[in-house]
**Q** 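What follows is a structure written as structure tokens; I'll ask about it next.
Just so you know, these numbers come straight off a predicted model, no measurement behind them. Order of listing sets the numbers, starting from 1, for every ligand and every atom in it.
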Amino acid sequence: KPATTSAASTPESFPTSHEPISAPIDTTNFLDNKFVESKATKWIDLYDPATNNLVTRVPQSTDEELKAAVDSAQKAFPAWRDTSLLARQAIMFKYVALIREHWDRLAASITLEQGKTTADAKGDVLRGLQVAETACGITTQMTGEVLEVAKDMETRSYREPLGVVAAICPFNFPAMIPLWSIPIATVVGNTLVIKPSERDPGACMILAELAEKAGFPPGVVNIIHGSAPTVDFILDEPRIKAISFVGSNKAGEYIFSRGSANGKRVQANLGAKNHAAVLPDCNKNHALNAIAGAAFGAAGQRCMALSTLVMIGETKDWVPEIAERAKALKMDGGFEPGADLGPVISPEAQKRIEGLIASAEAEGATILLDGRGQKPEKYPNGNWVGPTIIANVKPHMKCYTEEIFGPVLVCLNVETIDEAIELINANEYGNGTAIFTRSGATAGKFQREIEAGQVGINVPIPVPLPMFSFTGNKKSVAGGGANTFYGKPGLQFYTQQKTVTSLWRSEDAGSQKASVNMPT
Ligand code: NAD
């Protein structure tokens with residue numbers, strides 16, 4: 001049975017409203033291409049963030065279930081590795097077609113469990129789908145190198161899969177981030193164990209169902225659930241060769257160090273504080289719309305949300321106009337037509353965000369637009385924080401030093417582009433940044449001098465498409481950003497190189513004496 005979490009989602013029927021679910025279905029594990037009910041004794045309740053109605057219970061998968069997932073992946077690996085690249089590619093083409101076919105259903109699961117609007121949830125799916133589409137070109141991406149290094153002697157390099165690999169995912173992109181791993185990890189021949197976020201695993205369960213339908217053999221994609229104990233299992237299980245993690249610094253720094261200490265490859269994308277520098281010569285209307293959209297879209301719960309404005313010179317007087325645009329955004333249940341932003345993920349997140357707004361007030365900043373206490377009439381019980389703008393922020397304030405991860409824009413004022421660059425570079429995060437200007441020379445200077453991994457020039461959220469790589473830096477990645485997600489580095493992460501040097505000499509060596517020295 002396709003017992004995914006999202007209120008009995010099936011291809012024929014899936015939720016399209018925030019109505020209470022009369023009989024919530026427990027989330028299952030996905031092992032050996034089957035949805036397997038968990039024997040868990042501990043369960044994590046999952047609530048619709050717009051209503052706080054129960055949607056499902058997510059198991060803390062038992063030790064036996066965690067082990068069974070790795071057994072399954074380990075057993076599937078040799079045959080999957082030996083399956084031709086063209087056959088794996090053909091499955092990926094089917095997978096892409098199925099994700100497109102089930103796009104609305106995947107988006108509905110995201111809206112129900114994560115809270116984002118239907119339109120934004122569709123974007124979440126699309127960005128992951130594009131990684132799968134790019135993986136369909138694997139036959140030209142996997143080619144190795146060959147060189148005749150001496151007469152009759154050549155060296156060839158191959159890319160080989162690692163074996164069993166694992167992915168640990170955050171709550172904010174329930175489809176996109178599992179799809180940063182599933183296509184690339186599997187198309188190159190690895191088998192995969194995924195732990196989706198315990199707060200919204202529904203989309204990942206549908207992706208597993210579609211993987212089975214596309215023709216992935218049993219064991220190539222497995223899903224286990226839970227919180228820290230599941231993560232610790234992944235970190236310590238010797239058969240898991242590599243870990244892909246996306247999430248907070250708290251969890252990610254721990255996962256990177258313990259996973260690396262256990263000899264695994266780890267790629268880890270962490271938190272952010274993304275700044276935009278706004279210059280007086282920019283296209284003002286474009287910049288203000290872009291900033292309001294990128295600060296408050298997805299209720300600010302994107303790692304590339306534009307959460308911090310650096311207003312240069314006279315642009316500080318534009319902040320009230322951003323507030324006007326923010327007020328025009330409709331906060332509502334994600335399924336409601338016309339909703340621009342939904343709730344935040346949990347009552348705890350709401351409380352934390354409200355606490356950071358209060359701290360800014362206490363530290364002397366100006367709350368220009370206050371989203372605290374706002375709620376849509378129809379959904380009084382959700383986790384609501386309306387768009388909030390905090391002006392006159394200083395770098396020592398808590399609202400600046402901490403990642404807020406909510407619909408809150410903090411604004412600082414400087415006089416010059418040099419001051420803006422200095423301020424942004426002094427921040428310990430380095431995920432993304434943007435500049436709004438009409439001057440190519442100023443943009444060029446910013447691009448060169450700025451210490452952030454992803455730079456937008458008049459583009460508020462410069463997330464690279466999958467032919468490039470997600471290139472955060474500083475504290476926004478663990479391990480100095482050596483192992484970035486998707487693109488060429490993603491392919492490298494999920495493969496190891498083998499070089500073969502061969503000698504095919506037709507004539508006899510001529511001498512009976514063995515040579516013991518390094519050839520010179
Ligand atoms: P999170 O770190 O709380 O959770 C991520 C995963 O880690 C989950 O699967 C969770 O079960 C697990 N986890 C949480 N705490 C743990 C612990 N103490 N020990 C072991 N495992 C633990 O992150 P989240 O709240 O789900 O996601 C939001 C965060 O993710 C934000 O900081 C955001 O910036 C970041 N993020 C970064 C990127 C990026 O590419 N840089 C993308 C998306 C989200």
**Q** Under 4.0 Å, heavy atoms only, figure out whether ligand 1 is touched by the backbone of L270, its side chain, both or neither.
**A** backbone
**Q** So which heavy atom in the protein is nearest atom 6 (C) of ligand 1, and how far is it from that ligand atom?
**A** C169 O, 3.4 Å
**Q** For Y95 and L207, indicate whether the former's side chain and the latter's backbone hold a donor-acceptor pair under 3.5 Å.
**A** yes
**Q** Please find out if less than 6.0 Å separates the ring center of F173 from that of W180.
**A** no
**Q** Any idea which of M304, K250, E403, K273 brings a heavy atom closest to atom 18 (N) of ligand 1?
**A** K250
**Q** Write out the residue and atom name of the closest protein heavy atom to atom 35 (C) of ligand 1, then the distance separating them to 0.1 Å.
**A** G247 O, 3.2 Å
**Q** Which residue supplies the protein heavy atom nearest to atom 19 (N) of ligand 1, what is that atom called, and how far is it?
**A** A228 CB, 3.9 Å
**Q** Assess R302 for proximity to ligand 1: is some non-hydrogen atom of it under 4.0 Å away?
**A** no
**Q** Between H275 and Y429, is the ring centre distance below 6.0 Å?
**A** no
**Q** Show the atoms of ligand 1 that are less than 4.0 angstrom away from any heavy atom in W180.
**A** 40 (O)
**Q** I need the nearest protein heavy-atom contact for atom 21 (N) of ligand 1: residue, atom name and distance, please.
**A** V231 CG2, 3.3 Å
**Q** Look at ligand 1 and say whether F470 reaches it with a heavy atom at a distance under 4.0 Å.
**A** yes
**Q** Closest non-hydrogen protein atom to atom 16 (C) of ligand 1, residue and atom name please, with distance?
**A** A251 CB, 3.6 Å
**Q** Considering only the protein, which heavy-atom contact is closest to atom 3 (O) of ligand 1, and what is its distance?
**A** R199 NH2, 3.8 Å
**Q** List every atom of ligand 1 that sits less than 4.0 Å from any heavy atom of E198, numbering the atoms from 1 in the order shown and giving each element.
**A** 8 (C), 9 (O), 10 (C), 11 (O)
**Q** Give the residue, atom name and distance (to 0.1 Å) of the protein heavy atom nearest atom 26 (O) of ligand 1.
**A** F171 N, 3.0 Å
**Q** May I ask which of G472, S227, A305, P170 has a heavy atom nearer to atom 27 (O) of ligand 1 than the others do?
**A** P170
**Q** Have a look at G453, C303, S248 and point out the one with the heavy atom closest to atom 42 (C) of ligand 1.
**A** C303
